[in-house]
Amino acid sequence: MQRRDFLRAAPAAALAWPAQLSAFRTQLRRSTTPPTEDYWEVVRSAFLVPDDRIYLNVGTLGVQPRVVVDAVVEHTRRVAMSYPPGVEWDTLKQEAGTLLNGDPAGFVFPRNTTEGMNFVAQGLELDAGDEVLTTDHEHIGGLCCWQLLAARRGVVLRPLPIPPTPRDAGESVDRFRRARSARTRVLSVSHVNFTNGVVMPVRALVELARPRGVLVVVDGAHPPGMMPVDLRALDADCYASSPHKWLLAPQGSGLLYLREEWRARLWPTLASGGWDDPKLGADRLNHLGTADESRLAGLLAALRFHQAIGSERVHARIRELRGMLREAVAGIPGVAVITPPGDELSAGLLSLRTSRPALDVQAQLARAANIRTRVIGEYGYGWLRLSAHVYNRPAEITRMADVLRAVLQGRV
Ligand SMILES: Cc1ncc(COP(=O)(O)O)c(C=O)c1O
């Protein structure tokens with residue numbers, strides 16, 4: 001390559017996002033400890049959310065910090081310039097393993113929880129009459145994979161009713177204990193229910209199931225990035241997640257973690273080179289043909305952004321904001337909080353029942369103050385769900401509560 005050509009190509013091919021991230025780290029180090037609102041303003045400045053937008057729906061999709069967007073764009077540009085994609089899968093597995101205390105060899109990177117859960121359901125050998133126990137709080141992304149097996153192969157799917165506001169974790173464990181039968185092969189639960197925000201007792205369910213040879217499959221769409229996740233300690237058979245929610249990764253970056261015994265055993269849904277080589281372990285499921293590696297570059301940047309602030313600090317801030325949301329809405333006439341209090345049973349999501357239909361309330365919040373929320377219409381619940389992350393300001397929560405009060409009083 002001529003020197004002139006090299007100089008022309010190099011700046012565009014070089015990755016700027018790592019330098020951007022280290023500048024962010026330096027900025028954070030200069031800010032106060034323990035973090036005050038000034039610290040969180042520095043964090044907010046790393047995002048693209050406009051000041052007049054109040055985004056309270058990370059539960060559906062996180063907003064990506066600028067550095068994540070740049071990592072995706074820079075990677076895409078490198079590919080367009082004919083440079084090799086250059087995402088280091090091993091690095092990605094290492095960093096996911098560090099954050100979630102998992103063995104790096106256990107990770108698969110599908111596009112989302114839905115894909116991960118389908119890989120699991122399709123990959124198990126379940127026959128007609130085999131039973132899958134689940135709950136009446138599952139999202140279509142973790143439920144339909146079992147419905148398909150029921151329709152096509154005669155697998156029996158039994159959703160157990162779990163109270164909207166459980167008193168303690170033991171209540172759900174009891175439901176499963178009472179419901180299991182000799183034909184039960186799988187317990188499929190969410191780690192955090194998308195409906196009521198309840199943290200389910202995954203570890204206790206594993207203790208109940210494993211001695212009987214029953215598998216525990218977890219829809220972990222929410223917890224990574226929202227609360228501590230210890231995959232080794234949970235010890236579920238399969239754990240699927242969507243880092244594009246609370247880890248603020250690009251849309252379409254999922255992960256699936258397999259316990260050691262399943263890495264060589266689970267049937268791949270998509271077969272490509274090495275699908276039948278048990279030595280490849282979980283990587284048999286990572287051969288998905290040509291993939292969008294730019295989103296994996298973004299996932300790596302998102303993991304590093306999260307670590308730049310620090311997991312404990314992010315989780316504590318999310319709990320603090322959830323506490324502020326609860327306090328702000330609890331006293332409003334016409335609001336009943338569904339999500340149980342306390343850090344054992346809840347984490348980042350807060351669901352409410354409102355005296356006016358939740359869809360109307362949601363529309364009014366959006367119209368009056370550009371506030372984005374989620375309505376849980378599923379199973380006929382009709383709740384309004386709020387979820388905040390590190391980019392949200394306490395003033396946004398106060399504003400949301402003011403508008404909610406006005407909406408419920410018919411003043412908006
Ligand atoms: C509990 C739960 N599971 C699965 C999903 C589906 O996630 P994805 O669309 O990323 O597959 C969601 C999405 O909101 C969810 O809340």
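When reading the values below, keep in mind they use all heavy atoms of this one structure, side chains included, and skip hydrogens, waters and symmetry mates. Both ligands and their constituent atoms are indexed starting at 1 by order of listing.
- Aromatic rings from Y239 and F107 are positioned such that their centres are separated by 6.0 Å or more.
- You'll find the side chain of L248 stays beyond 4.5 Å of the side chain of Q64, heavy atoms only.
- Aromatic ring centres of H222 and H139 lie farther apart than the 6.0 Å criterion allows.
- For the pair E115 and ligand 1, the shortest N or O to N or O distance does not fall below 3.5 Å.
- Within the set N57, L349, L143, D219, the minimum heavy-atom distance to atom 3 (N) of ligand 1 is found for D219.
- Aromatic rings of Y55 and H389 (six-membered ring for Trp) have centroids beyond the 6.0 Å cut-off, not under it.
- Across the listed options G252, S242, G141, S242 owns the non-hydrogen atom lying nearest to atom 8 (P) of ligand 1.
- In this structure, I371 and E396 have side chains that are not in contact, with every pair of non-hydrogen atoms separated by 4.5 Å or more.
- Checked against a 3.5 angstrom limit, the closest N/O atoms of T60 and ligand 1 fall outside it.
- A cation-pi geometry, defined here as NZ or CZ lying under 6.0 Å from the six-membered ring centre and within 45° of its normal, does not hold between R29 and F24.
- Under 4.0 angstrom from ligand 1, the non-hydrogen atoms of T114 come from both its backbone and its side chain.
- Counting atoms of ligand 1 from 1 in the listed order, those under 4.0 Å from a heavy atom of H244 are 10 (O).
- For the pair R265 and W262, the cation sits on the ring face: its NZ or CZ lies under 6.0 Å from the ring centre, inside 45° of the axis.
- Residues satisfying the side chain to side chain contact (heavy atoms under 4.5 Å, CB included) test with A406, not counting sequence neighbours, are R411, V412.
- For M117, no heavy-atom contact with ligand 1 is shorter than 4.0 Å.
- Protein heavy atom at the shortest distance from atom 5 (C) of ligand 1 is H139 ND1, 3.2 Å.
- Heavy atoms of E138 stay at 4.0 angstrom or farther from ligand 1.
- Protein heavy atom nearest atom 14 (O) of ligand 1, with residue, atom name and distance: K245 NZ, 2.5 Å.
- Scanning the protein for heavy atoms near atom 16 (O) of ligand 1, the closest one is H222 NE2, 2.7 Å.
- With salt bridges taken as basic N to acidic carboxylate O contacts below 4.0 Å, none links R183 and D127.
- The shortest N/O to N/O separation between R385 and ligand 1 does not fall below 3.5 Å.
- The shortest separation from a heavy atom of R111 to ligand 1 is not under 4.0 Å, leaving the residue out of contact.
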